[in-house]
Amino acid sequence: MYRFSRYCLLTLALSAAATGAAVAQTTLTVYTALEADQIKAYQAAFEREHPDIKIQWVRDSTGIITAKLLAEKNNPKADVIWGLAGTSLGLMDKEGMLEPYAPKGLDQIAPHMRDAKTVPAWVGMDAFAAALCFNTIEAKKQNLPAPTSWQDLTKPVYAGKIVMPNPASSGTGFLDVSAWLQMFGEEKGWAYMDALHKNIGSYTHSGSKPCNLAAAGEFPIGVSFDYRAAKLKADGAPIEPIFPSEGLGWEVEATAIVRGTKHADAARKVADFSASRAANELYKANFAVLAIPSVATSNPHLPADLAARMIKNDFVWAATERDRILAEWSRRYDGKSEPRKK
């Protein structure tokens, strides 16, 4: 009996070890520019579906994550990119840094929300659009009218009253600059930014920060994006989201597999999940425009026709011209940028 019990215990121990090995976790390094308050829900849902895979996030603003990935081109540290601007991913695809993959359910994804190739290098999640965060209390104190257009922001009454993101470090900043150049044309676009620059108090290195600063009353107007404007208003901040009449620049947030990952199977599972209806059900809590349009619902703090207000965005042009645009922008305007994080 004693010997049998020892044998049983040994068998159970070996079985437990085998089971432990079977569920041994794969750790994926995932680079992202997603908002910090979105990541937890996305990770929890994915890890419930795939308990054998653990996500280790590396998060920063779009420009910083893009620069980091490009710097690591010959020695990639990331396995997956989950939540980065389509323009940035288009640039990386051009550099041969992405592993094309057609995730399950690709046929549900709207054509304008994914890489156009048959086997795409990246697949979209949601879209975020430009928005102004207008502090109604501060505006009343300072006797400031509410702007309704991009051109309004160049009026002398707003001198020093506006904060916006630096496009070299913020995807939100780049979508604005890229959109102005597309909407107004190169010559008029730069002339517009020259005029706007006179009214800028500071350029931040985060797309959310201008809206946060507006909500705190530090600046009456923050050039930001729809999600942050709607969330702050929903949370009770004295913010009125404004969507300028000429049209809205926008970006698609997307997912891609980094070429050279040692965890290709696990990385494909992230890509599959990101493109799924289950993931889009999570994205809709934050965004009004989704990769799977039928999942989207209206947000009471965003216009019902938000998608119709978004300009026809040439992502290929934006990716191709990105370095040139950023170099020119920095030459002209970087003197008002806040200090960079060390």
Side-chain angles (χ1 to χ4, degrees), residues 14-60 62 65 68-69 72 76-86 88-89 92-93 97-110 113-115 117 119-128 227 252-287 290-297:
L14 290 172
S15 176
T19 301
V23 297
Q25 286 187 327
T26 296
T27 299
L28 285 178
T29 299
V30 179
Y31 281 26
T32 188
L34 290 169
E35 294 293 299
D37 47 14
Q38 298 165 3
I39 286 174
K40 287 184 180 179
Y42 300 172
Q43 179 174 0
F46 174 77
E47 291 182 356
R48 277 196 302 271
E49 193 168 307
H50 299 285
D52 57 327
I53 302 172
K54 180 176 175 58
I55 290 175
Q56 178 176 284
W57 298 98
V58 175
R59 188 210 165 269
D60 215 312
T62 299
I65 288 293
K68 184 173 175 62
L69 284 159
E72 295 170 0
K77 304 292 195 299
D79 298 297
V80 179
I81 303 162
W82 187 3
L84 189 64
S88 294
L89 292 174
M92 288 166 206
D93 182 35
M97 296 168 59
L98 305 180
E99 187 65 45
Y101 176 63
K104 296 173 184 175
L106 181 62
D107 58 327
Q108 303 178 86
I109 303 295
M113 295 286 285
R114 48 159 288 190
D115 176 26
K117 294 188 288 295
V119 180
W122 56 267
V123 175
M125 304 157 51
D126 50 64
F128 59 98
Y227 163 74
V252 56
E253 286 189 311
T255 299
I257 297 171
V258 177
R259 178 164 285 171
T261 175
K262 295 182 174 68
H263 306 295
D265 288 344
R268 284 192 284 268
K269 288 176 181 176
V270 172
D272 288 340
F273 179 80
S274 179
S276 69
R277 292 188 73 84
N280 274 253
E281 289 287 346
L282 296 173
Y283 303 154
K284 80 176 182 183
N286 304 314
F287 296 95
L290 301 181
I292 303 178
S294 61
V295 176
T297 57

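Predicted model, so just to flag it, every value in this text is computed and none were measured.
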Apply the test side chain to side chain contact (heavy atoms under 4.5 Å, CB included) to residues Thr255 and Trp122: give CA-CA distance (whole Å), side-chain angles for both, the deciding distance (0.1 Å), then the verdict.
CA-CA 6 Å; Thr255 299; Trp122 56 267; over 6 Å; no
Leu89/Leu98 under side chain to side chain contact (heavy atoms under 4.5 Å, CB included): CA gap, chis, key distance, verdict:
CA-CA 8 Å; Leu89 292 174; Leu98 305 180; 4.3 Å; yes
Side chain to side chain contact (heavy atoms under 4.5 Å, CB included), that's the test. Do Met92 and Leu69 meet it? Break it down for me.
CA-CA 8 Å; Met92 288 166 206; Leu69 284 159; 3.5 Å; yes
Derivation and outcome, side chain to side chain contact (heavy atoms under 4.5 Å, CB included), residues Leu28 and Val270
CA-CA 9 Å; Leu28 285 178; Val270 172; 3.6 Å; yes
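A 4.5 Å side-chain heavy-atom check between Tyr227 and Asp37 finds at least one atom pair inside the cut-off. Side-chain contact between Val123 and Leu106: present, with at least one pair of heavy atoms (C-beta onward) separated by less than 4.5 Å.
Here the straight-line distance linking atom NZ of Lys40 with atom CH2 of Trp57 works out to 12.5 Å at 0.5 Å rounding. The CG atom of Leu34 lies 12.0 Å from the CD1 atom of Ile81; values are rounded to the nearest 0.5 Å. In this structure, the separation between CD on Gln108 and CD1 on Ile292 is 4.0 Å, given to the nearest 0.5 Å. Considering CE of Met113 and CE of Met125, their distance stands at 9.5 Å, rounded to 0.5 Å. Note that OG1 of Thr261 is 13.5 Å distant from NZ of Lys77, once rounded to the nearest 0.5 Å. Here the CD-CZ distance, from Gln38 to Arg59, works out to 8.5 Å after rounding to the nearest 0.5 Å.
Side chain of Tyr283 to backbone of Ser274: a donor-acceptor contact under 3.5 angstrom is found. For the pair Gln25 (side chain) and Pro51 (backbone), a donor-acceptor distance under 3.5 Å is present. In this structure, the side chain of Thr62 does not engage the main chain of Ala33 through any donor-acceptor pair within 3.5 Å. Side-chain atoms of Asn280 do not come within 3.5 Å of backbone N or O of Val295 as any donor-acceptor pair. Asp126 contributes no side-chain N or O that, together with a main-chain N or O of Phe287, makes up a donor-acceptor pair within less than 3.5 Å.
Just one of Lys269, His263, Arg268 meets the side chain to side chain donor-acceptor pair (under 3.5 Å) condition when paired with Asp265; it is Arg268.
Here the closest heavy-atom approach between residue Ala267 and residue Val80 is recorded as CB-CG2, 3.5 Å. Taking both residues in full, the closest heavy atoms of Ala266 and Thr26 are given as CB-CG2, 4.1 Å, listed atom of the first, atom of the second, then distance. Listed here is the closest heavy atom pair of Ala271 and Pro103: O-CB, 3.6 Å. Between Pro293 and Ala110 the shortest heavy-atom distance is CG-CB, 3.9 Å. Nearest heavy atom pair, residue Glu47 against residue Ile53, reads CG-O, 3.5 Å. Minimum heavy-atom separation, Asp115 to Ala121: OD2-N, 2.7 Å.
The neighbour count for Lys117 NZ, taken as heavy atoms of other residues, nucleotides or ligands under 6.0 Å away, is above 12.
In terms of the ring-ring contact (aromatic ring centres under 6.0 Å, His included) criterion, residue partners of Phe46 (sequence neighbours excluded) are, by chain and number, His50, Phe273.
The list of salt bridge (charged side-chain N to carboxylate O under 4.0 Å, His left out) pairs with a residue in residues 252-262, not counting sequence neighbours, reads Glu99-Arg259.
Looking only at atom types and distance, the side chain of Asp60 has no donor-acceptor partner in the side chain of Tyr31 under 3.5 Å away.
Between Arg277 and Glu281 there is no salt bridge, since none of the side-chain N atoms of the basic residue sits less than 4.0 Å from a carboxylate O of the acidic one.
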